[in-house]
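So the structure is just underneath, and the comments pick up after that.
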Amino acid sequence: MPAVLSYPGVYIEELPSGVRTITGVATSITAMVGRTRRGPLNRPVRVFSFGEFERVFGSLWDDAPLTFAALQYFQNGGSDLLVVRVALNAVPCTCTLVHDGAVTNLVLEAATSITGSSTADPGTWATQLQAEVDYDGAGGTTLAAPLFNLTLTNVATGARESYFNLSSDATSARHITQVLASSSMLARVVSGADTRPAETPAGAPVAFADPSIAPATADGDPVTANEVLTGGSLQANRAGIYALEHADLFNILCLPPYSPTADVAAADLANAYTYCTDRRAMLLIDPPAATDTVAEAQTFANALTRSANAALYFPRILAPNPLRENRVQAFAPCGAVAGILARTDASRGVWKTPAGLDATLNGTTGLAAKLTDLENGLLNPQGI
């Protein structure tokens, strides 16, 4: 209305309403914590498709049940996944580029994330990386010191990064350490960035490898509860499940088996219950691989702590394994169940139970155990 009411008339003044619209929030963001072939350690990375998962964390890996859980999540309708990679004794691969007439060398380290404080990305995946240095300038000229060009290539995927007019001058805006830290999905500088590296001989790129280790050991050992759930310093270091402190929101937590032969034990889950309660999330619990009968499922359920923020799903699912000529094998169900939860939330809403004819399993051939109505009647009272 007019600022000064100086003449006759009808004046209208609009007053803000005390009613505020309720802003919707996501209800089906799923988090998974476990081993993968590559990716930043103890740092949640959000992916929206299995193709994006493969670009960051690598493809399916028989030694990493999480990779199959992620595939089954997206196959069953999931679309928003937070992945935390953990590792045990994994070793990052490095690349040393010799300097021209200098004592020190430029050392690069494999990395796949342009965000986060951890730069190392250990694993044998990095043995497919190569680095080349040249002094080629525009119009056939030669770059003057301290400038140089760097090309990084992933031979396995064809990914290629080219950086021109890099500098070994620490005061330059094109200093190699700063440029790679902010832009590269393949490498970071470890040391020797303040001396110009020599040109790489034509056709002889330098491979990433650590000569002090056997390549097969770079992927590390199978992880344990100590890296995922129960390690004494996990919470202080924001590692394992506590790496999700770096994420604003997640609704479902999946903890796939540590390895093909090591399940998440009932005794390991105490921290997961507490953390899911604090974050208002739901924990999906997988039955051990040896759980084949209703009686065994009941025994495992009795060993668990009752929690309003946890759910146990039995039996395991049967699905083809693309790494083994699509032969059918049993998998932990958490990934597929999380996908169904997400699909139901998106199509019907959070008030619809993820059950019934709409809750079909995609990408599976069946269940690892055939249950009768009487057997279901024994499981339902226990909330299984």
message: Taking the basic N atoms (NZ, or NE/NH1/NH2) and the acidic carboxylate oxygens, is any pair closer than 4.0 Å for Glu245 and Arg279?
response: yes

query: Going through the checks in order, is the side-chain contact (heavy atoms from CB on, under 4.5 Å) test met by Val83 and Leu66?
result: CA-CA 9 Å; Val83 180; Leu66 182 147; 4.1 Å; yes

- request: Could you tell me whether a side-chain N or O of Arg316 sits under 3.5 Å from a main-chain N or O of Pro287, the two making a donor and an acceptor?
  value: yes

- prompt: With under 30° as parallel and over 60° as perpendicular, where do the rings of Phe250 and Tyr275 fit, or are they tilted in between?
  reply: parallel

- request: Evaluate the side-chain contact (heavy atoms from CB on, under 4.5 Å) criterion for residues Thr142 and Glu199: first the C-alpha distance (whole Å), next the side-chain angles of each, then the deciding distance (0.1 Å), finally the verdict.
  value: CA-CA 11 Å; Thr142 300; Glu199 286 189 287; over 6 Å; no

task: Search all heavy atoms of Ala342 against all heavy atoms of Gly78 and return the closest pair with its distance.
output: CB-CA, 3.9 Å

- prompt: What are the two closest heavy atoms between Phe50 and Ala70, and how far apart are they?
  reply: CD1-C, 4.1 Å

field: Salt-bridge present (Arg343, Asp358; N to O < 4.0 Å)
entry: no

- prompt: Honestly curious: do Leu304 and Leu284 fall in one hydrophobic cluster under the side-chain, below-4.5 Å linking rule?
  reply: no

- prompt: Does Arg38 use its side chain to pair, donor to acceptor, with the backbone of Trp125 at less than 3.5 Å?
  reply: no

- prompt: Within a strict 4.5 Å, meaning less than it, do heavy atoms of the Asp136 and Asn149 side chains meet?
  reply: yes

Asn237 side chain to Ser233 backbone, donor-acceptor under 3.5 Å: yes

statement: Taking every heavy atom of Ala69 against every heavy atom of Met32, the minimum-distance pair comes out as O-CE, 3.5 Å

N/O donor-acceptor pair under 3.5 Å between Thr67 side chain and Ala64 backbone: yes

query: Is there side-chain contact between Val294 and Gln298, with heavy atoms separated by less than 4.5 Å?
result: yes

query: Is there a path of hydrophobic side-chain contacts, each under 4.5 Å between heavy atoms of I, L, V, M, F, W or Y residues, that connects Val337 with Leu312?
result: no

- line: Tightest non-hydrogen contact, residues Ala187 and Ser184, listed as N-OG, 3.0 Å

query: Could you walk me through whether Leu255 and Ile241 pass the side-chain contact (heavy atoms from CB on, under 4.5 Å) check?
result: CA-CA 9 Å; Leu255 300 174; Ile241 61 170; 3.9 Å; yes

query: Are side-chain heavy atoms of Asn76 and Leu361 found at a separation under 4.5 Å?
result: yes

query: Got a donor-acceptor contact below 3.5 angstrom from the Ser183 side chain to the Leu180 backbone?
result: no

- request: May I ask you to decide if Ala289's main-chain N or O and Asp263's side chain share a donor-acceptor pair within less than 3.5 Å?
  value: yes

- request: Give me the one residue out of Tyr73, Tyr313, Phe68 that meets ring pair (Phe, Tyr, Trp, His ring centres under 6.0 Å) with Phe331.
  value: Phe68

message: Is there a path of hydrophobic side-chain contacts, each under 4.5 Å between heavy atoms, that joins Phe74 and Leu323?
response: yes

query: Backbone N or O of Ala262 within a donor-acceptor pair of the Ser259 side chain at under 3.5 Å?
result: yes

query: Does a donor on one side chain sit under 3.5 Å from an acceptor on the other, for Thr151 and Glu132?
result: no

query: Does a sphere of radius 6.0 Å around CG in Asp248 hold more than 12 heavy atoms from other residues, nucleotides or ligands, not counting ones at 6.0 Å or beyond?
result: no

message: Donor-acceptor pair, distance only, cut-off 3.5 Å: does the side chain of Ser59 make one with the backbone of Glu54?
response: no

message: Distance alone, cut at 3.5 Å: any donor-acceptor contact between the side chains of His175 and Asp194?
response: yes

field: Residue pair Gln382 / Asn302, side-chain donor-acceptor N/O under 3.5 Å
entry: yes

field: side-chain contact (heavy atoms from CB on, under 4.5 Å) between Arg46 and Ile29, intermediate numbers included
entry: CA-CA 9 Å; Arg46 198 169 182 177; Ile29 299 175; 3.4 Å; yes

message: Between Glu296 and Thr299, is there a side-chain donor-acceptor contact under 3.5 Å, judged purely by atom types and distance?
response: no

- request: Would you please say whether a donor-acceptor pair under 3.5 Å links the side chains of Asp219 and Thr124?
  value: yes

message: Would you say that Arg174 contacts Leu147 through its side chain, given a criterion of any heavy-atom pair below 4.5 Å between the two side chains?
response: no

task: Spell out, yes or no, whether Val223 and Leu244 are grouped together once hydrophobic residues are joined by side-chain heavy atoms under 4.5 Å, including indirect joins.
output: yes

query: Are the side chain of Thr141 and the backbone N or O of Ala138 linked by a donor-acceptor pair below 3.5 Å?
result: yes

